[in-house]
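Right, one structure below, let's go through it.
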Amino acid sequence: MAERSLYETAVEQFNKAVKIMDLEPDLADVLRRPKRCLIVEFPVVMDDGHIEVFTGFRVQHNIARGPAKGGIRYHPDTNLDEVKALAFWMTWKTAVMNLPYGGGKGGIKVDPKKLSKRELERLSRRYFSEIQIIIGPHNDIPAPDVNTNADIMAWYMDTYSMNVGYTALGVVTGKPVDLGGSRGREEATGRGVKVCAGLAMRTLGIDTSKATVAVQGFGNVGRFSALLIAKELGSKIVAVSDSKGGIYDPEGIDVEAIIEHKKTQGTVVTYPKGQKITNEELLELDVDVLVPAALENAIHAGNVDNIRAKAIVEGANGPTTPEADEVLFKKGILVVPDILANAGGVTVSYFEWVQDLQAFFWKVDQIRAALEEMMTKAYEDVMKIKEKYNIDMRTAAYILAIDRVAYATRKRGIYP
Ligand code: NAD
């Protein structure tokens, strides 16, 4: 079979839902296409004085329900197709959560690990200036994604503010807490994954305090997912991994200790307890819950037959291919899809934006409680649709989301 691009994969998931919900074909065509795709080629002066030209992207997939919202990724393999897919998923993610947003995403094709801090800053500021023509607190509000963090968000916010001549805190989310950021934002995606893992176990009748969990990827999402699942659900984290490989310990891994280890050593694989495993082996472990929290296409036709987890909670965006989805559904493995499972980040980003616009900041307990309530509501809404049509949770989440965006589009009408 010819290789499918990530955007084509995303559209295939959408088409499956459209068929079941019987959406008007014309409207489906409007909703599946990105509204705007911006490509920017921009120069950066490197520390040794030479100039390098980088390629960046910002895609606004849909803004029918509100401003575009979505992260910015720095990765050597990032390309327009990937950013289009990620922006597409953001549209459905914000709609599943019923946030007043559309979907967007951005990226720069770069390996940030090869840049000095000053080079990273110049790259970030120039990129943000280049995409500023479509960015703003009421137009499009970026956030962190793979290899971007609160420091970079502070540079973005400052760059935008310098260009417009006033401080605009609400132009990006995921900022440092003392600079218009929100308490609870850093852990938010992991907290949402934890809520979904707990609910998935409840759905399957698994006792969370006796459950075993494997987490692939140990960045923002993987780290906080592992920590909160262990601390708040009492489950045993038996395996974690990063891009260099993983660690397996059937007795359970001390998540706080391995987070410290990764901080000082840069990887989990040199952690002294447990045995080394590959990322492939981690995915195939006999665990109750598997959390893929690294990159796309981790679970595919080639390894899906070996997946033994009872539930998969997608921390990453797009970790399961459509072929793998079919097999998982037939095997009765419950997949909590990315557009629901990892929506905790964008939900607290929404809280951050609201706090910035109101210049009034909330306590962390309020944020956590509001997030957990919204995640639980979204999970239950999706479950109802899943049961109504007897379909997988991903398709059910799409149906819920598409219905909301379709409603907004019909009500607004097609301009002019
Ligand atoms: P991050 O850069 O903080 O961490 C990524 C982690 O994945 C690192 O530990 C890295 O070593 C690991 N990794 C990279 N390639 C790997 C591979 N081939 N095998 C195993 N591990 C690998 O990124 P993040 O913010 O944690 O994002 C992870 C995923 O979650 C992405 O798909 C992202 O789009 C998605 N996501 C992030 C957020 C957020 O708030 N940060 C929200 C929703 C979804």
Side-chain angles (χ1 to χ4, degrees), residues 6 10 69-78 82-83 85-90 92-94 96-97 103-107 111-113 142-153 172-175 181-182 184-193 196 214-227 239-247 258-259 261-263 265-269 277-283 290-300 303 313-320 336-350 352 371 375:
L6 198 65
K69 187 86 191 82
I72 291 172
R73 168 179 293 197
Y74 290 180
H75 197 276
D77 299 334
T78 292
E82 179 186 75
V83 176
L86 291 163
F88 181 89
W89 282 322
M90 285 309 299
W92 314 120
K93 194 180 298 182
T94 58
V96 165
M97 295 307 298
K105 203 83 180 193
D111 182 353
K113 290 177 188 133
D145 193 69
V146 175
N147 290 325
T148 56
N149 55 25
D151 289 344
I152 295 176
M153 298 307 120
V172 289
T173 57
K175 300 180 297 297
S182 178
R185 172 61 184 91
E186 207 192 355
E187 63 165 36
T189 307
R191 179 165 296 280
V193 168
C196 288
V215 180
Q216 184 202 34
F218 212 59
N220 174 280
V221 181
R223 221 168 60 231
F224 282 108
S225 298
L227 187 66
V240 299
S241 70
D242 58 31
S243 57
K244 299 197 175 87
I247 286 288
I258 204 161
I259 288 176
H261 183 87
K262 170 129 176 129
K263 245 186 227 160
Q265 307 301 312
T267 177
V268 297
V269 286
I277 51 166
T278 64
N279 267 290
E280 273 301 304
E281 287 164 343
L282 179 141
L283 295 171
L290 172 64
V291 179
L295 291 174
E296 297 91 47
N297 299 331
I299 302 165
H300 48 78
N303 64 5
V313 183
E314 295 186 335
N317 285 310
T320 311
V336 187
D338 46 10
I339 57 173
L340 168 63
N342 69 34
V346 72
T347 303
V348 176
S349 271
Y350 164 63
E352 178 175 336
L371 171 64
M375 292 296 308

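Quick caveat, the model's predicted, so the values are computed rather than measured. Every number for a ligand or one of its atoms is a count from 1 in the order of the listing.
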List the closest protein heavy-atom neighbour of atom 33 (C) of ligand 1: residue, atom name, distance to the nearest 0.1 Å.
D145 OD1, 3.3 Å
Looking at G318, is its backbone amide N or carbonyl O close enough to the side chain of D338 to form a donor-acceptor pair, meaning the two atoms are under 3.5 Å apart?
yes
List the closest protein heavy-atom neighbour of atom 29 (C) of ligand 1: residue, atom name, distance to the nearest 0.1 Å.
A294 O, 3.1 Å
Contact region, A188 to ligand 1, non-hydrogen atoms below 4.0 Å, reads neither
Got an N/O contact under 3.5 Å between E296 and ligand 1?
no
Determine whether K93 and N342 make a side-chain contact, defined as any pair of heavy atoms from C-beta on separated by less than 4.5 Å.
yes
Where on E82 is there a heavy atom closer than 4.0 Å to ligand 1, on the side chain, on the backbone, on both, or on neither?
neither
Spell out, as yes or no, whether a donor-acceptor pair under 3.5 Å connects the side chain of N303 to the backbone of A298.
yes
Does the N or O separation between S243 and ligand 1 drop below 3.5 Å for any pair?
yes
Sub-3.5 Å N/O-N/O distance, S241 and ligand 1
no
For atom 32 (O) of ligand 1, state which one of N149, N317, N147 supplies the nearest heavy atom.
N317
May I ask you to decide if F88's main-chain N or O and W92's side chain share a donor-acceptor pair within less than 3.5 Å?
yes
Nearest protein heavy-atom contact for atom 37 (C) of ligand 1: which residue, which atom, what distance?
V221 CG2, 3.4 Å
So is there a nitrogen or oxygen of N220 less than 3.5 Å from a nitrogen or oxygen in ligand 1?
yes
With heavy atoms of A293 as the reference, note each atom of ligand 1 found under 4.0 Å away.
28 (C)
Heavy atoms from other residues, nucleotides or ligands near CD of E296 exceed 12 (cutoff 6.0 Å)
yes
Going by a strict under-4.0 Å cutoff (protein heavy atoms only), does atom 18 (N) of ligand 1 have a neighbour on the protein?
no
Regarding ligand 1, does G345 bring an N or O atom to under 3.5 Å of one of the ligand's N or O atoms?
no
Ligand 1 atoms in contact with N279 (distance to a heavy atom under 4.0 Å)
19 (N), 20 (C)
Using a 3.5 Å distance criterion without hydrogens, assess whether the side chain of S182 forms a donor-acceptor pair with backbone atoms of R185.
no
Interatomic distance, CG@N297 vs OG1@T320, rounded to 0.5 Å, equals 9.0 Å
Considering only heavy atoms, does R73 approach ligand 1 within less than 4.0 Å through its side chain, its backbone, both, or neither?
side chain
Just to be sure I'm reading this right: ignoring hydrogens, which of G174, G219, G70 gets closest to atom 6 (C) of ligand 1? Compare them by their nearest heavy atoms.
G219
If you measure from atom 43 (C) of ligand 1 to every heavy atom of I339, V215, N342, which option wins on shortest distance?
N342
Flag, side chain of N149 to backbone of I152, donor-acceptor distance under 3.5 Å:
yes
Using the rule given for side-chain contact (heavy atoms from CB on, under 4.5 Å), can you reason through I299 versus Q216, listing the C-alpha separation, both sets of side-chain angles and the distance that settles it, and then say yes or no?
CA-CA 11 Å; I299 302 165; Q216 184 202 34; over 6 Å; no
Which is it for T189 and ligand 1 at heavy atoms under 4.0 Å: side chain, backbone, both or neither?
side chain
Within-cut-off N or O pair, P144 and ligand 1, under 3.5 Å:
no
N220 side-chain N/O to E187 backbone N/O, donor-acceptor pair under 3.5 Å
no
Please state whether E187 comes within less than 4.0 angstrom of ligand 1, counting heavy atoms only.
no
Mark yes or no for whether T78, through its side chain, and Y74, through its backbone, hold a donor-acceptor pair below 3.5 Å.
no
Within-cut-off N or O pair, L295 and ligand 1, under 3.5 Å:
no
Near D242, which atoms of ligand 1 are under 4.0 Å from a heavy atom of that residue?
9 (O), 11 (O), 20 (C), 21 (N), 22 (C)
With side-chain hydrogen bond (donor to acceptor under 3.5 Å, both in side chains) as the test, would you mind laying out the steps for T148 and R73 before giving the verdict?
CA-CA 6 Å; T148 56; R73 168 179 293 197; over 6 Å; no
K263: salt bridge (charged side-chain N to carboxylate O under 4.0 Å, His left out) partners, not counting sequence neighbours
E260
Specify side chain, backbone, both or neither for V146, according to which of its non-hydrogen atoms lie closer than 4.0 Å to ligand 1.
both
Determine whether I277 and S241 make a side-chain contact, defined as any pair of heavy atoms from C-beta on separated by less than 4.5 Å.
no
